[in-house]
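Predicted, not measured: the structure shown is a model, and the values here were computed from it.
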Amino acid sequence: QTYLLVGKTNVTVERTDTRTNKEVYKYRCKDKATKAEYDVIFYPNKYQKVEEKLKSMIACAEKGPLQLSIKAKPLSSRDGVTQLVFDEFVA
């Protein structure tokens, strides 16, 4: 599923992945159309091919709200916010 999101906060490090020893990132976003809130989770096995793009996205997010177009899979909710697992960036 493709999502058009607007990031609200900085990208945070959720934890370190035990298998790859790389960071698992979380980005709180809102759906551009529905205003629904999501936490996008970036796992190392999903972002390994686009790590440079992810790093520049994180740097941009620190400067202010960011628009993001991604493919992701919805997971369960945590604290009333639906978790999305990042799959790929959409041009």
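Ion pairing between Arg78 and Glu14 holds under the 4.0 Å rule for side-chain N and carboxylate O. The pair Asp39-Arg28 meets the salt-bridge criterion, since a charged nitrogen lies less than 4.0 angstrom from a carboxylate oxygen. Remark: Glu88 does not engage Lys49 in a salt bridge, criterion side-chain N to carboxylate O under 4.0 Å.
Between Asp87 and Lys73 the shortest side-chain heavy-atom distance falls below 4.5 Å. No side-chain heavy atom of Val24 sits under 4.5 Å from any side-chain heavy atom of Val13. Side-chain contact between Tyr43 and Val85 is present, with heavy atoms from C-beta onward closer than 4.5 Å. The side-chain heavy atoms of Thr82 and Leu75, taken from C-beta on, include no pair separated by under 4.5 Å. A heavy-atom distance below 4.5 Å is not found between the side chains of Ile41 and Tyr25. Contact of the Lys22 side chain with the Gln48 side chain is not registered, since no non-hydrogen atoms from C-beta on lie closer than 4.5 Å. At a threshold of 4.5 Å between non-hydrogen side-chain atoms, the residues Lys30 and Lys8 count as touching. Side chains of Glu52 and Leu54 form no contact here, defined as non-hydrogen atoms less than 4.5 Å apart.
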Practice problem: Decide side-chain hydrogen bond (donor to acceptor under 3.5 Å, both in side chains) for Lys32 and Gln67; before the verdict, give the C-alpha distance in whole Å, the side-chain angles of both, and the deciding distance to 0.1 Å. | Solution: CA-CA 8 Å; Lys32 200 161 181 195; Gln67 188 167 298; 2.7 Å; yes

Quiz item: Going through the checks in order, is the side chain to side chain contact (heavy atoms under 4.5 Å, CB included) test met by Met57 and Leu66?
Solution: CA-CA 8 Å; Met57 184 207 86; Leu66 195 65; 3.4 Å; yes

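Across Leu84 and Pro74, no two heavy atoms sit closer than the pair CD2-CA, 3.7 Å. Here the closest heavy-atom approach between residue Gly7 and residue Cys29 is recorded as CA-SG, 3.8 Å. Between Leu4 and Ser69, the closest heavy-atom pair is CD1-CB, 4.0 Å.
In terms of hydrophobic clustering, with Ile, Leu, Val, Met, Phe, Trp and Tyr side chains grouped at heavy-atom distances under 4.5 Å, Val81 and Leu68 are assigned to different clusters. Residues Val40 and Val90 are members of separate hydrophobic clusters, defined by side-chain heavy-atom contacts under 4.5 angstrom among Ile, Leu, Val, Met, Phe, Trp and Tyr. There is no path of hydrophobic side-chain contacts, each under 4.5 Å, that joins Ile70 to Val6.
In this structure a side-chain-to-backbone donor-acceptor pair under 3.5 Å is present from Asp31 to Ala33.
Atom SG of residue Cys60 and atom NZ of residue Lys55 lie 14.5 Å apart, to the nearest 0.5 angstrom. Considering CD of Glu62 and CG of Asn10, their distance stands at 5.5 Å, rounded to 0.5 Å.
Lys53 NZ: more than 12 foreign heavy atoms inside a 6.0 Å radius.
Among the candidates Tyr27, Tyr3, Tyr47, the single residue satisfying the side chain to side chain contact (heavy atoms under 4.5 Å, CB included) test with Phe86 is Tyr47.
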